[in-house]
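Chain letters run A, B, ... following the sequence lines, proteins first, then strands; residues in each count from 1.
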Protein chains: 2
Amino acid sequence: MTSATSKAVFPLHDDFVPRVARWFHALSDETRLRIVDRLSDGEKCVCDLTDLLDAAQSRLSFHLKTLKDAGILKDRRDGRWVYYYLNPAVVEDLTQFVCSLTACCQKLNKEVSSCCE
Amino acid sequence: MTSATSKAVFPLHDDFVPRVARWFHALSDETRLRIVDRLSDGEKCVCDLTDLLDAAQSRLSFHLKTLKDAGILKDRRDGRWVYYYLNPAVVEDLTQFVCSLTACCQKLNKEVSSCCE
DNA sequence: TCGACTCATCAAGATTCATTGATGGAAAGA
DNA sequence: TCTTTCCATCAATGAATCTTGATGAGTCGA
């Protein structure tokens, strides 16, 4: 038994659907995926990301806010700089959702196996 | 070692980003999430879904096409009916992506553990 | 205090997306 | 053949989203 199957995800609870939709929407944009990609090896400030992604500051600020509002990212201020980083709790919630869906697929295929194995 | 960590997902390959963005976009809409939810226990035809979700047929057709174009769903015709069902291959690719992201989070937190455990 | 730097926010414009109702094709029974 | 059922597609409308450039708040060093 893995954590991914420890809660009943499907069928979805009505209250859960909007939250999940926001996670997926936050990750549905290429710029935001590239932000997440850059943060996958550690936190970055906005000016780091403008350099790494060659994108305007206001544009990144918009996307960072979108990711933060969805819970995917968190931020912390250090002097002039604001550092953004992945929010492990929400990333794990998202992972559990997707792993549960995989488990459903496997069950439908009459395979007896658990997530990520 | 799990399958989720068997390939290097991060940093993302440029060619991979648009494909991933389409997965997430397909799942970023509440109606489409509810469709996936209903299909999590097996294939359904469009008229089943119009009843289950109380949605107009053209509306569902639009969303089913979006999910199918992203690879999340596949369909098969049986007489008059078209049955839609989850595409296990893409669901597993998506699972690997988010499991890899979780693994990155865990590594950043100096924890030595693998996906979904 | 002044200027430089980092970043969030705003308004405007363009693009994309979701919904609706109408139309037509394909399949199957009468 | 005619009709019904199931479904995809289209056009039109409105809503949501993304980008850009400008503005301003907060921080820090000179």
Side-chain angles (χ1 to χ4, degrees), chain A residues 14 17-39 42-87, chain B residues 14 17-39 42-87:
Chain A
D14 274 347
V17 173
R19 184 162 168 245
V20 176
R22 285 172 68 84
W23 295 339
F24 282 112
H25 170 259
L27 297 170
S28 69
D29 178 272
E30 293 190 23
T31 299
R32 292 195 289 269
L33 279 178
R34 293 181 200 280
I35 289 173
V36 167
D37 180 40
R38 300 300 179 163
L39 298 184
E43 65 176 14
K44 303 276 185 299
C45 66
V46 180
C47 56
D48 286 340
L49 292 169
T50 58
D51 292 342
L52 288 167
L53 299 177
D54 192 27
Q57 178 266 321
S58 65
R59 184 177 158 209
L60 280 190
S61 223
F62 167 79
H63 289 299
L64 288 165
K65 178 174 169 54
T66 301
L67 285 162
K68 183 183 167 188
D69 288 348
I72 306 291
L73 301 186
K74 299 177 81 172
D75 63 351
R76 70 178 181 86
R77 172 174 284 276
D78 181 9
R80 270 182 275 199
W81 293 271
V82 176
Y83 290 89
Y84 283 87
Y85 57 97
L86 292 168
N87 182 357
Chain B
D14 273 347
V17 173
R19 184 161 167 246
V20 176
R22 285 170 68 85
W23 295 339
F24 283 112
H25 171 259
L27 296 170
S28 69
D29 178 271
E30 293 190 23
T31 300
R32 291 195 289 267
L33 278 178
R34 293 181 199 281
I35 290 172
V36 167
D37 180 40
R38 299 300 179 163
L39 299 184
E43 65 177 14
K44 303 277 185 299
C45 66
V46 180
C47 55
D48 287 338
L49 292 169
T50 58
D51 293 341
L52 289 168
L53 300 176
D54 193 28
Q57 178 265 320
S58 65
R59 184 177 159 210
L60 280 190
S61 222
F62 167 77
H63 289 298
L64 288 166
K65 177 174 169 56
T66 300
L67 285 162
K68 183 183 167 188
D69 288 348
I72 307 289
L73 303 185
K74 300 178 79 172
D75 64 350
R76 70 178 180 86
R77 174 175 282 276
D78 180 11
R80 271 183 274 200
W81 292 271
V82 176
Y83 289 89
Y84 283 86
Y85 57 98
L86 292 167
N87 181 358

Nearest-angstrom distance from the residue atom CG of D69(B) to C1' of dC17(C) | 14 Å
Closer than 4.0 Å, any side-chain N/O of R77(A) to the OP1 or OP2 of dT6(C)?
-> no
Side chain of S58(B): nearest nucleotide among dC7(C), dT17(D), dT9(D)?
-> dT9(D)
Out of dT20(C), dC7(D), dC18(D), minimum distance to the side chain of W81(B) belongs to dC7(D)
Under 4.0 Å: is that the gap between some side-chain N or O of H63(B) and OP1 or OP2 of dC17(C)?
-> no
Closest nucleotide among dT17(D), dC7(C), dT19(C) to the C47(A) side chain = dC7(C)
Euclidean distance, atom CZ of residue R59(A) to atom C1' of dT9(C) [Å, nearest integer] = 17 Å
D54(B) atom CG is separated from dT20(C) atom P, nearest whole Å, by 11 Å
Whole angstrom is fine here: how far is it from NZ in K65(A) over to P in dT17(D)?
-> 13 Å
Enclosure of D54(B) CG (heavy-atom neighbours >12, cutoff 6.0 Å) | no
NZ of K68(A) versus C1' of dC7(C): gap in Å, rounded?
-> 12 Å
Nucleotide dT16(C), atom P - distance to CG of D29(B) in whole Å = 18 Å
Nearest heavy-atom approach of R22(B) to A70(B) is O-CB, 3.5 Å
Nearest to side-chain heavy atoms of F62(A), which nucleotide of dC18(D), dA18(C), dT9(D) = dC18(D)
Taking only N and O in the side chain of Y84(B), is any of them less than 4.0 Å away from OP1 or OP2 of dC6(D)?
-> no
Length of the CG-C1' vector between L33(B) and dA18(C), whole Å | 15 Å
Given dC18(D), dC17(C), dT9(C), the nucleotide with the shortest approach to the side chain of S61(A) | dT9(C)
Using the closest heavy atom to pick a nucleotide of DNA chain D for each, name whichever of Q57(A) or R80(A) lands nearer the 5' end.
-> Q57(A)
Ion pair check, D51(B) and K44(B), cut-off under 4.0 Å | no
In whole angstroms, how far is the C1' atom of dC18(D) from the CD1 atom of I35(A)?
-> 13 Å
Spell out, as yes or no, whether a donor-acceptor pair under 3.5 Å connects the side chain of D29(B) to the backbone of R32(B).
-> yes
Locate the shortest heavy-atom distance separating V46(B) from L60(B); write the atom from each residue and the value.
-> O-CD1, 4.2 Å
